[in-house]
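Since this is a predicted model, take the numbers as computed values, not measurements.
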Amino acid sequence: MNHFITSEQLKTQLGKVVIFDCRFNLMNKTLGSEQYRAGHIPGAYFLDLEKDLSSDVQTHGGRHPLPDVESLSRKLRTAGVNQLSTIVVYDDSRMGYAAHAWWLLRYFGHQQVLILDGGFTGWTAAGGAIDRREPTVKNGNFKANLQQDWILNREDILEAGPAITLIDSREGKRYRGEEEPVDPIAGHIPGALNYFWQDATTEQGFIKSDEAQHQRWAEVTERDNLVVYCGSGVTACVNLLSLEMCGIKAKLYPGSWSDWCSYLQK
């Protein structure tokens with residue numbers, strides 16, 4: 001299955017697909033919406049990581065808990081999403097946020113989701129048009145159908161023990177506990193392997209070849225029950241995308257390290 005659309009292909013599909021701009025910056029949380037207002041792909045609606053694609057943070061559950069089902073469903077309907085809509089998502093962060101939206105929408109039961117290869121920068125480099133207007137509110141008929149078996153929580157992981165293989169998607173120095181810029185405790189879940197999510201794409205934000213993806217995962221192809229996590233369940237979705245390109249099914253631990261370490265605090 002192809003999970004991507006090129007800028008040239010998208011140019012021919014404007015007005016025929018539902019587009020979501022997913023740009024975000026963890027260190028400047030209004031930057032994505034500011035960038036959207038400054039210029040976006042024509043017809044694109046904005047999905048904010050923390051306002052639309054996450055629910056309220058609690059004591060446990062991580063920094064970006066899965067969104068409220070009805071709230072996100074309503075947002076999708078106002079963008080005109082129907083059961084048969086093709087959705088295109090993009091960001092400007094090597095798919096870190098677009099892949100999260102891609103995974104979430106499919107988790108919500110909508111399978112026709114494509115990621116813009118190369119993101120917004122690739123679009124502008126290809127001469128794609130830019131618009132500053134917000135598209136009109138529409139009335140789609142989207143209805144969620146959650147794929148509950150796509151996720152595991154902390155209790156599931158503890159119960160499964162060595163029966164699962166954990167994939168930590170963060171940068172090596174965070175995985176090793178050498179530094180932790182976001183969460184209160186450094187380190188990783190015991191037994192987890194480290195596969196940095198950015199290794200799935202080029203520095204320009206294009207997905208690497210199928211062959212490169214297969215090479216990435218060569219050492220885990222014989223393992224069953226892969227569970228992927230990162231800091232808060234967002235960029236781990238790039239690894240889920242990479243694995244799916246290789247025909248390898250894996251689950252997400254949505255709370256990820258930010259949930260796990262919340263139980264380690266005194």
State, yes or no, whether a side-chain contact exists between [X] and [Y] at a heavy-atom distance under 4.5 Å.
X    : Y    : value
L166 : I157 : yes
Y90  : F20  : no
W260 : L158 : yes
L49  : S54  : yes
E180 : I185 : no
T165 : L193 : yes
M27  : V182 : yes
V18  : V88  : no

Next item on the list: Would you please indicate yes or no on a ring centroid separation below 6.0 angstrom for H40 and F46?
Entry: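 Here the rings of H40 and F46 have centres that are no less than 6.0 Å from each other.
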Check: W102 and H3: aromatic ring centres closer than 6.0 Å?
Finding: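 For W102 and H3, the ring centres are under 6.0 Å apart.
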Next item on the list: In sequence, state the C-alpha distance, the side-chain angles, and the governing distance for V17 and I87, and then conclude on side-chain contact (heavy atoms from CB on, under 4.5 Å).
Entry: CA-CA 6 Å; V17 296; I87 296 175; over 6 Å; no
Note to self: Here's one to test your reading of the geometry: is the NZ or CZ of R170 within 45 degrees of the ring axis of W197 and under 6.0 Å from its centre?
What the structure shows: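 No, R170 does not lie over the aromatic ring of W197.
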Margin query: Quick one, Q112 with T86, criterion side chain to side chain donor-acceptor pair (under 3.5 Å). Give me CA distance, side-chain angles, the key distance, then yes/no.
Written below: CA-CA 5 Å; Q112 304 95 257; T86 294; 5.6 Å; no
Next item on the list: Scan I5, V89, T6 and name whichever one has a side-chain contact (heavy atoms from CB on, under 4.5 Å) with L114.
Entry: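 So the option named by the test is I5.
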Note to self: Restricting to side chain to side chain contact (heavy atoms under 4.5 Å, CB included), what partner residues turn up for A126, sequence neighbours left out?
What the structure shows: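 Only S7, E8, K11 meet the side chain to side chain contact (heavy atoms under 4.5 Å, CB included) criterion with A126.
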Salt-bridged, [X] to [Y], with N to O below 4.0 Å?
X    : Y    : value
R63  : D183 : yes
E70  : R77  : yes
R106 : E244 : yes

Checking the side chain of [X] only, and the main-chain atoms of [Y] only, is there a donor and an acceptor separated by less than 3.5 Å?
X    : Y    : answer
N194 : Y175 : no
Y36  : L31  : no
N141 : Q83  : yes
S242 : N239 : no
Y229 : I189 : yes
D91  : S93  : yes
S256 : G231 : no

Heavy atoms of other groups near [X] [atom1], more than 12 under 6.0 Å:
X    : atom1 : answer
D56  : CG    : no
E155 : CD    : yes
E203 : CD    : no

Taking all atoms of both residues into account, what is the closest heavy-atom pair of [X] and [Y], and its distance?
X    : Y    : answer
L252 : V227 : C-CG1, 4.5 Å
D68  : F108 : O-CZ, 4.4 Å
C246 : W217 : SG-CD1, 3.8 Å
F120 : D92  : N-OD1, 3.8 Å
F196 : R216 : O-NH2, 3.0 Å
V238 : R94  : CG2-O, 4.3 Å

Margin query: Is the ring pair H110/F142 parallel, tilted or perpendicular, if the boundaries are 30 and 60 degrees?
Written below: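 Tilted, since the angle between the ring planes falls between 30° and 60°.
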Next item on the list: Assess whether side-chain contact (heavy atoms from CB on, under 4.5 Å) is satisfied between I19 and L116, documenting all intermediate values.
Entry: CA-CA 10 Å; I19 307 173; L116 177 61; over 6 Å; no
Margin query: Could you go through K208 and T202, starting from their C-alpha distance and side-chain angles, then the distance that decides it, and tell me whether this counts as side-chain contact (heavy atoms from CB on, under 4.5 Å)?
Written below: CA-CA 6 Å; K208 291 181 181 177; T202 68; 4.2 Å; yes
Notebook entry, point to check: Just checking, any donor-acceptor pair under 3.5 angstrom between side chains of Y253 and D259?
Noted result: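 There is such a pair between these side chains.
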Checklist line | Working for side-chain contact (heavy atoms from CB on, under 4.5 Å), residues W123 and L10 | finding: CA-CA 9 Å; W123 172 260; L10 182 56; 3.8 Å; yes
Next item on the list: Any salt bridge (charged side-chain N to carboxylate O under 4.0 Å, His left out) involving residues 23-41? Give me the pairs, sequence neighbours left out, ordered by first then second residue.
Entry: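 Sorted result for residues 23-41: D21-R23, K29-E50.
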Next item on the list: Output all residues satisfying side-chain hydrogen bond (donor to acceptor under 3.5 Å, both in side chains) with Y195, sequence neighbours left out; order by chain, then residue number.
Entry: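 So Y195 forms no side-chain hydrogen bond (donor to acceptor under 3.5 Å, both in side chains) with any residue.
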Item checked: Gap separating the CD atom of E171 from the CD atom of E178, nearest 0.5 angstrom ->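 Result: 10.0 Å between the selected atoms.
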